[in-house]
Amino acid sequence: MKTLKTAKVGETVKVVKLHGEGAVKRRIMDMGLTKGVEVHIRKVAPLGDPMEVTVRGYELSLRKADAEMIEIE
């Protein structure tokens with residue numbers, strides 16, 4: 001299983017599935033990260049946390065823990 005956390009800078013990936021439950025999953029979906037959406041990896045902080053992505057035309061910062069819950073292809 002490949003997750004958003006493992007994606008490299010400059011890649012554009014597609015969300016396949018969201019893992020997690022309840023409020024955490026809801027928060028990720030509210031940020032626009034839903035099944036089928038394309039995500040472009042813009043930057044990753046020097047220690048890997050957080051990472052900046054472009055989704056639905058806006059920039060979003062994600063923690064590693066959240067990025068690990070997003071399965072991609």
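Heads up: numbering here begins at 1 and tracks the sequence.
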> Minimum heavy-atom separation for R63 and D49, please, with both atom names.
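The pair with the smallest heavy-atom distance is CA-OD1, 3.2 Å.
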> Taking all non-hydrogen atoms of both residues, which atom of V55 and which atom of G32 are closest, and how far apart?
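Closest heavy-atom pair between V55 and G32: CG2-O, 3.8 Å.
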> Can you name the nearest heavy-atom pair linking A67 to T3, along with the distance?
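Closest heavy-atom pair between A67 and T3: O-CB, 3.9 Å.
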> What I'd like to find out is whether the side chain of L62 reaches to under 4.5 Å of the side chain of I70, using heavy atoms alone.
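SC-SC contact between L62 and I70 confirmed.
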> Sequence neighbours left out, what pairs pass salt bridge (charged side-chain N to carboxylate O under 4.0 Å, His left out) with at least one residue falling in residues 20-31?
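Sorted result for residues 20-31: R26-D30, R27-D66.
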> With a 4.5 Å limit on heavy-atom distance, are the side chains of M29 and L18 in contact?
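Yes, close enough: below the 4.5 Å cut-off.
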> Is there side-chain contact between V37 and V39, with at least one heavy-atom pair below 4.5 Å?
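In short, these two side chains touch, coming nearer than 4.5 Å.
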> When rounded to the nearest 0.5 angstrom, what is the spacing between CD in E59 and NE2 in H40?
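Rounded to the nearest 0.5 Å, the CD-NE2 separation comes out at 9.5 Å.
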> Which atoms form the tightest heavy-atom contact between E73 and V13, and what is the distance?
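Smallest heavy-atom distance, with atoms named: O-CB, 3.8 Å.
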> Please list all pairs passing the salt bridge (charged side-chain N to carboxylate O under 4.0 Å, His left out) test where one or both residues lie in residues 2-13, with sequence neighbours left out.
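Those involving residues 2-13 are K2-E11, K5-E68.
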> Report yes if the side chains of V24 and M69 come closer than 4.5 Å at any heavy-atom pair, otherwise no.
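Side chain of V24 against side chain of M69, heavy atoms only: contact under 4.5 Å found.
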> Checking E38 now: which residues fulfil side-chain hydrogen bond (donor to acceptor under 3.5 Å, both in side chains) with it, not counting sequence neighbours?
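With sequence neighbours excluded, E38 shows a side-chain hydrogen bond (donor to acceptor under 3.5 Å, both in side chains) to no residue whatsoever.
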> Considering residues at least two apart in sequence or located in another chain, which fulfil the side-chain hydrogen bond (donor to acceptor under 3.5 Å, both in side chains) criterion with T34?
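By the side-chain hydrogen bond (donor to acceptor under 3.5 Å, both in side chains) rule, T34 matches R56.
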> Once side-chain hydrogen bond (donor to acceptor under 3.5 Å, both in side chains) is applied, do any residues pair with T6, and if so which ones, sequence neighbours excluded?
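Partners of T6 by the side-chain hydrogen bond (donor to acceptor under 3.5 Å, both in side chains) criterion come out as none, since no residue qualifies.
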> Check side-chain contact (heavy atoms from CB on, under 4.5 Å) between V44 and all other residues, then give those that pass, not counting sequence neighbours.
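Once residues adjacent in sequence are excluded, the partners of V44 under the side-chain contact (heavy atoms from CB on, under 4.5 Å) criterion are V9, I41, M51.
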> Taking side chain as C-beta onward, heavy atoms only, is K35 less than 4.5 Å from K17?
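Result no, sub-4.5 Å side-chain heavy-atom pair not found.
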